[in-house]
Protein chains: 2
Amino acid sequence: MAAAKHSASKRSVSAQARRKQLIMATIKCIAQKGLSAVTMADITTEAGLSQGIVNLHFQSKEKLLIETLRYISDEYRSGLDNIFHDPKKTTAEKITAHIRYDFSRTIIDRNKLAVWFAFWGETKSRPTYLSICADYIADIASNLTQLFAQLKTEGNYANVDPELTCVCYTALADGLWLDLLVTPKGLKPKQAYNVAMHYLATQFPDHFQA
Amino acid sequence: MAAAKHSASKRSVSAQARRKQLIMATIKCIAQKGLSAVTMADITTEAGLSQGIVNLHFQSKEKLLIETLRYISDEYRSGLDNIFHDPKKTTAEKITAHIRYDFSRTIIDRNKLAVWFAFWGETKSRPTYLSICADYIADIASNLTQLFAQLKTEGNYANVDPELTCVCYTALADGLWLDLLVTPKGLKPKQAYNVAMHYLATQFPDHFQA
DNA sequence: TCGAAAAATGAATAACCATTCATTTACTAT
DNA sequence: ATAGTAAATGAATGGTTATTCATTTTTCGA
């Protein structure tokens with residue numbers, strides 16, 4: 001599809017594309033059949049490719065699963081990074097953008113949520129899964145805490161504890177995601193966003209509306 | 001061990017005990033190896049019994065898993081029921097007791113949390129798992145909303161939306177449980193309790209302290 | 001256009017695992 | 001005590017599935 005200047009680069013792009021294609025198929029299959037039931041055959045069929053293809057590109061099933069988790073993690077992290085480093089946004093705007101992002105189409109896609117929670121459910125027994133996310137979780141928490149600290153100063157919110165607010169918001173978002181995954185008929189994306197805003201409004205009433 | 005008056009009752013108690021023994025072993029094994037990797041051999045070995053025992057008492061692996069989820073669900077629900085129907089407690093005391101319970105030893109046991117999230121991670125692909133919990137989730141939400149509504153009246157909290165507060169608290173608790181499971185070194189039980197209290201204090205400042 | 005090298009295929013393999021059931025063990029009523 | 005019944009055992013079975021690799025197809029420089 002995409003043209004490349006030299007042969008080596010074209011091949012490597014193509015290999016990259018194959019890997020992504022397989023990762024996408026994996027996300028869909030985990031959502032459809034569950035992490036404990038997906039087979040290699042499911043994934044390769046979904047991708048429209050042959051049986052042996054995963055081992056060719058990822059060596060093993062386990063490595064494909066790990067790369068799938070990494071893909072989703074990276075996607076989430078990079079979206080937030082763009083917001084944090086946007087020089088045009090004020091502190092309050094960055095926080096608003098963060099929350100909008102947390103409940104945007106890309107993030108609350110139920111297939112991806114299913115993958116998130118499938119892996120969370122296994123972290124206790126497979127620390128590798130956690131280690132993939134540990135760094136970015138710490139980064140995001142650190143950035144968000146910083147934003148809250150700034151807004152506390154800017155808005156003279158004497159009683160706000162930025163770290164506590166960050167822990168609370170993060171846990172709230174996790175819980176809302178779980179709700180969106182398991183009871184999609186109960187909680188709608190917009191409501192989830194409103195709940196998150198409702199909490200922020202309790203901390204920064206002059207900047208956010210419930 | 002326990003004496004029984006008649007033979008039939010003794011046998012039946014014994015069968016019950018076997019089932020519970022196997023459920024306990026299942027909880028431990030899911031926590032240790034993950035839902036996607038537990039085998040019947042793991043479970044029977046952990047229980048110190050023979051291979052065929054699960055099929056004898058539960059017919060199949062899937063049924064044992066379902067009973068395990070049901071066991072944990074029932075345990076959680078019955079604990080909350082006792083609180084809701086305690087005639088000696090005021091509304092505020094019931095809410096406090098609910099939160100204390102949510103972050104008590106019994107509930108935040110990491111083995112049990114691992115089981116919870118293992119099943120949540122599979123609900124999209126196995127609606128049966130959700131159907132086991134759906135009723136009790138609705139019950140608990142309804143009870144909690146009612147408590148919040150009562151406290152709103154009793155304490156003249158004009159701005160509180162009981163339903164919103166219930167959704168927010170519930171999601172927050174879910175998120176904190178996830179934190180307790182995956183980053184036990186980061187978030188301690190007492191902190192998690194404090195975070196939950198912090199939120200409630202924003203809604204009912206005259207009744208709860210952050 | 002052609003040939004070498006990479007990519008992809010899919011049938012065969014070997015490991016794993018839930019379930020079965022013939023046999024053994026434990027219990028209880030007479 | 002003993003026969004009869006229920007519970008438990010664990011070796012054997014059959015189905016499933018990740019992985020391998022000999023073969024085929026595609027790509028691309030010369």
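Sequence lines set the chain letters: A, B, ... in the order given, protein chains first and strands last, and positions in each chain run from 1.
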- Can you tell me how far P of C/dC17 sits from CG of B/Asp42, to the nearest Å? 8 Å
- Rounded to the nearest 0.5 Å, how far apart are OG1 of A/Thr68 and CG of A/Leu64? 4.0 Å
- Query: Rounded to the Å, how far apart are A/Met40 CE and D/dA18 C1'?
  - Reply: 6 Å
- Among the nucleotides D/dA18, C/dA18, C/dG10, whichever has the atom closest to the side chain of A/Gln51 is C/dG10
- Item | Side-chain N or O of A/His57 closer than 4.0 Å to phosphate OP1/OP2 of C/dA8 | yes
- Note on the structure: A/Glu62 CD to D/dT19 P, in whole Å, measures 9 Å
- Item | Nearest-angstrom distance from the residue atom CG of B/Leu56 to P of D/dA8 | 6 Å
- Item | Approximate separation, where rounding is to 0.5 Å, of A/Glu62 CD and A/Thr128 OG1 | 7.0 Å
- Note on the structure: Of C/dA7, D/dA18, D/dA8, the nucleotide closest to the side chain of B/Ile53 is D/dA8
- B/Phe58 has an atom CZ; how far is it from atom C1' of C/dA18, in whole Å? 16 Å
- Item | Salt bridge flag under 4.0 Å for residues A/Lys33 and A/Glu46 | no
- Task: Decide yes or no for A/Phe119 and A/Leu65: does some side-chain heavy atom of the first lie under 4.5 Å from some side-chain heavy atom of the second?
- Result: yes
- Note on the structure: Here the distance between atom C1' of D/dA7 and atom CD of B/Gln21, to the nearest Å, is 13 Å
- Roughly how many Å is it from CD in B/Gln59 to P in C/dC21, rounded to a whole number? 14 Å
- Task: Report yes if at least one side-chain N or O of B/Arg18 is closer than 4.0 Å to OP1 or OP2 of D/dA8; otherwise report no.
- Result: yes
- Side-chain atoms of A/Lys61 come closest, of D/dT19, C/dA8, D/dT9, to D/dT19
- Item | A/Lys33 vs A/Asn55, nearer the 5' end of DNA chain D by closest nucleotide | A/Lys33
